[in-house]
Structures are given as C-alpha cells and as structure tokens.
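Heads up, the thing below is written out as structure tokens.
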Amino acid sequence: MTIIQRTDIPKTVQIVDIIKHNNDVITISLGGSLNILPGQFIFVWLPNIEEKPFAVVNVEKHLFSFTAVKRGVFTSALFNLKKGMWLGYRGPYGKGFTPVKNKNVCIIAGGIGMAALCLLYNQLIKDNNVKLIYGAKNKEGLVFKQNICNDHLCLCTDDGSEGRKAFTTQLFEEILLKEKFDFVYTCGPEIMMKQVADLCAKHNIPCEASLERMMSCGFGVCGKCAINNQLVCLDGPVFNAQQLTQLKEFGTCKCD
C-alpha cells in the first residue's frame, strides 16, 4: 500500500521560542522540520479560532519560524501564546522565488513584507552580490534589520526615524542611476511593488514580486485569493514580471 503525505492536514508542534519585536509584531518558532522554498508559505492553525497564512522567516534543522502582525482576532490570540504551548500548521503551499547565482541582485522590502524575503536573502547572499532596500513607516517597523549584513543594507523610513527619510521606491530609483542589477525581488505594500515592477520594466530588469490576498485553503479551492484569472495561493504568491503585466488588478485593487 502506498502512503501519500498530504500537506493540507495540520500537524501539531510545540512552540520553542517567541520573540516580541514590538507591541504589534512577534516571531514564533516551532519545533519540527520543514522543507520549504523561499517565497512559499504555511497555514498556522489555532484550534477553535481560525487559521491564517504566514511566510516562514527562518528554517533550521529542528525548528522553523514565522512572524505575525497583530491585526485581528487570530493574530491577537497568537500574542497570548507561551513557550511550550502547541500550534498546528499545514503546508508549504504556493510557488516560490526563482533564486539566481553569480548576479547583482536587489531585494526591496516594505515593512512586514521582509518576512517573505528572509529565506530568499539567506540563500542569495551565498552566490550573489546583494543589495537590500528595506523600508517601513518608522524604525519600530524594521524588525528584521538585525538579520541583515550592514554591507547589503539600505534603510529608509517614512518619518525619518532611521535611515533615509524616503520611500523604498525613491531609494531604488536613485540607486538605479549608479548601479545595474541583473534581477530584482520585492515584497511589501502592493502599490510599492507596482512601482518597483514599473521601474524594472523601464530599465529592462527581470523581477519577481510576492503578492498577498485573502486566503482560506491554500490549494485553489475557495477562490478568495483571485487576482484577475490567477489564484495567489496556487499560481503564486510569487509572480514574475511578465505575469504581473497581465494582472490588471495588481497595484490597483484587492479584497483583504
């Protein structure tokens, strides 16, 4: 008899660590192994409450981590968890990024969008020259900066509390006047990603963006995550430049 392993059945694992970055952002580490590609995601399950999709920010031999922002009932409940408690998860799901080698690459992250880029960054720095433009509303939003080599990092904030007082797209446009990139990866507010994609098209640079939409299943059944004729959970969440040009809703509207 052949046993088929299904990723849509939740596994229960123990919480081994919780890092509180600020009043609204935490990173939870779960015990267990996870085979995941940069850009893929998992669903985290709280019994009797709900489940939600999250990017995985770190993978080690016997643990993996995800970062959550306090936004509603589910994420608020995550803030009440303690080390040693149990959580369910299923996945991974979706199509990830396409890592390159021996290239000059730029990663552009806006706020919590950096969570979807952490695994990619750690992979790319092994074989590429990497510049990472990381922006947020204020310095409290730059929760992943300690995980990034200063030689790679360009910081900016909307209020000027850390790094340049500028948007990530402004920095990117300035840097493009001095440097050339072979590939660009981005995740963050969709209007930011749309501007990044437009700049890449203008300068003829291949790019990939990780999109976010409301999700309930992760494998293309519920249809909630549709963007035009694509399902973000199944056809994405990572889309390349050619695909993005065909998504007329990209950067203009979404149901969240």
Side-chain angles (χ1 to χ4, degrees), residues 19 21-22 24-27 37-41 53-59 65-69 94 96-100 103-125 128-176 179 181 183-200 205-212 232 236-241 244 250-251:
I19 299 173
H21 301 285
N22 54 49
D24 296 314
V25 184
I26 58 172
T27 293
L37 299 174
Q40 289 185 306
F41 62 94
F54 291 93
V56 172
V57 300
N58 182 50
V59 175
S65 311
F66 69 95
T67 298
V69 181
F97 291 103
T98 307
V100 296
K103 302 291 185 180
N104 292 320
V105 301
C106 185
I107 299 173
I108 305 171
I112 199 63
M114 184 62 211
L117 296 163
C118 286
L119 293 183
L120 177 70
Y121 168 75
N122 289 330
Q123 181 170 339
L124 290 177
I125 58 175
N128 301 275
N129 296 317
V130 177
K131 184 176 291 293
L132 200 158
I133 302 172
Y134 185 17
K137 291 181 178 180
N138 50 51
K139 63 180 181 180
E140 288 77 21
L142 300 170
V143 297
F144 298 103
K145 67 177 182 180
Q146 69 273 11
N147 305 114
I148 305 165
C149 174
N150 288 334
D151 293 339
H152 302 153
L153 191 57
C154 295
L155 293 176
C156 59
T157 49
D158 294 357
D159 64 359
S161 54
E162 186 153 352
R164 282 274 306 277
K165 184 177 181 180
F167 298 133
T168 54
T169 48
Q170 290 175 302
L171 277 188
F172 182 46
E173 196 164 13
E174 291 176 13
I175 292 170
L176 282 174
E179 298 185 43
F181 297 107
F183 214 100
V184 171
Y185 305 89
T186 185
C187 185
E190 195 160 303
I191 188 64
M192 179 205 82
M193 292 192 289
K194 178 64 166 66
Q195 292 173 9
V196 169
D198 288 345
L199 284 168
C200 287
I205 307 170
C207 75
E208 290 183 341
S210 177
L211 275 58
E212 180 185 11
V232 172
V238 177
F239 294 89
N240 61 36
L244 292 173
F250 174 55

Side-chain atoms of residues 103-110: list all donor-acceptor pairs with protein atoms under 3.5 Å, sequence neighbours left out, distances to 0.1 Å.
residue: Asn104; atom: OD1; partner: Asn129; partner atom: ND2; Å: 3.0

Distance-only criterion, 3.5 Å: show the donor-acceptor pairs between side-chain atoms of residues 191-198 and protein atoms not counting sequence neighbours.
residue: Lys194; atom: NZ; partner: Asp198; partner atom: OD1; Å: 3.1
residue: Lys194; atom: NZ; partner: Asp198; partner atom: OD2; Å: 3.0
residue: Gln195; atom: OE1; partner: Thr169; partner atom: OG1; Å: 3.1

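Annotation: side chain of Pro99 is in contact with side chain of Leu124 (closest heavy-atom distance under 4.5 Å). Proximity of Val130 to Tyr185: side-chain heavy atoms (C-beta onward) are nowhere separated by under 4.5 Å. Under the 4.5 Å side-chain criterion, counting only non-hydrogen atoms from C-beta, Phe172 is in contact with Cys200. Counting only heavy atoms from C-beta outward, the side chains of Leu244 and Leu211 approach each other to under 4.5 Å. Within the 4.5 Å cutoff, no side-chain heavy atoms of Asn240 are placed close to those of Pro206. His152 has its side chain within reach of Tyr121: a pair of non-hydrogen atoms, C-beta onward, lies under 4.5 Å apart.
When all heavy atoms of Phe54 and Ala68 are compared, the pair lying nearest together is CE2-CB, 3.6 Å. Taking every heavy atom of both residues into account, Val25 and Asn22 meet most closely at N-OD1, 2.9 Å. Of all non-hydrogen atoms in Gly94 and Gln40, the two that sit nearest each other are O-NE2, 2.9 Å. Residue Phe144 comes nearest to Ala115 through the heavy atom pair CE1-N, 3.7 Å, listed as atom of the first residue, atom of the second, then distance. Nearest heavy-atom pair, Cys187 versus Ala116, reported as atom, atom and distance to 0.1 Å: SG-CB, 3.8 Å.
Around the CG atom of Asn150, the shell of radius 6.0 Å holds no more than 12 heavy atoms that belong to other residues, nucleotides or ligands. For Phe167, the CZ atom counts as loosely surrounded, since its 6.0 Å shell holds 12 or fewer non-hydrogen atoms of other residues, nucleotides or ligands.
The distance from atom CG of Leu171 to atom CG of Leu176, rounded to the nearest 0.5 Å, is 11.0 Å. Residue Leu117 holds its CG atom at 4.5 Å from CZ of Phe97, rounded to the nearest 0.5 Å. With rounding to the nearest 0.5 Å, the separation of CZ in Phe183 from CG in Asn128 is 10.5 Å. Of the inter-residue distances, the one linking Lys165 atom NZ with Thr157 atom OG1 reads 8.5 Å to the nearest 0.5 angstrom. With rounding to the nearest 0.5 Å, the separation of CG in Leu142 from CG in Leu155 is 5.5 Å. The OG atom of Ser210 sits 10.0 Å away from the CG atom of Leu120 when rounded to the nearest 0.5 Å.
Applying the side chain to side chain donor-acceptor pair (under 3.5 Å) criterion to Thr27, with sequence neighbours excluded, gives His21, Thr67. Contacts of Glu173 classified as salt bridge (Lys or Arg N to Asp or Glu O under 4.0 Å), with partners at least two apart in sequence or in another chain: none. Residues passing the ring pair (Phe, Tyr, Trp, His ring centres under 6.0 Å) test with Phe181, sequence neighbours excluded: none.
Residues in residues 134-147 take part in these side chain to side chain donor-acceptor pair (under 3.5 Å) pairs, two or more places apart or across chains: Lys145-Glu162.
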- Task: Determine, step by step, whether Thr168 and Cys156 satisfy the side-chain contact (heavy atoms from CB on, under 4.5 Å) criterion, reporting the C-alpha distance in whole Å, the side-chain angles of both residues, the deciding distance to 0.1 Å, and the verdict.
- Result: CA-CA 7 Å; Thr168 54; Cys156 59; 3.7 Å; yes
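A donor-acceptor contact shorter than 3.5 Å links the side chain of Glu208 to the backbone of Thr98.
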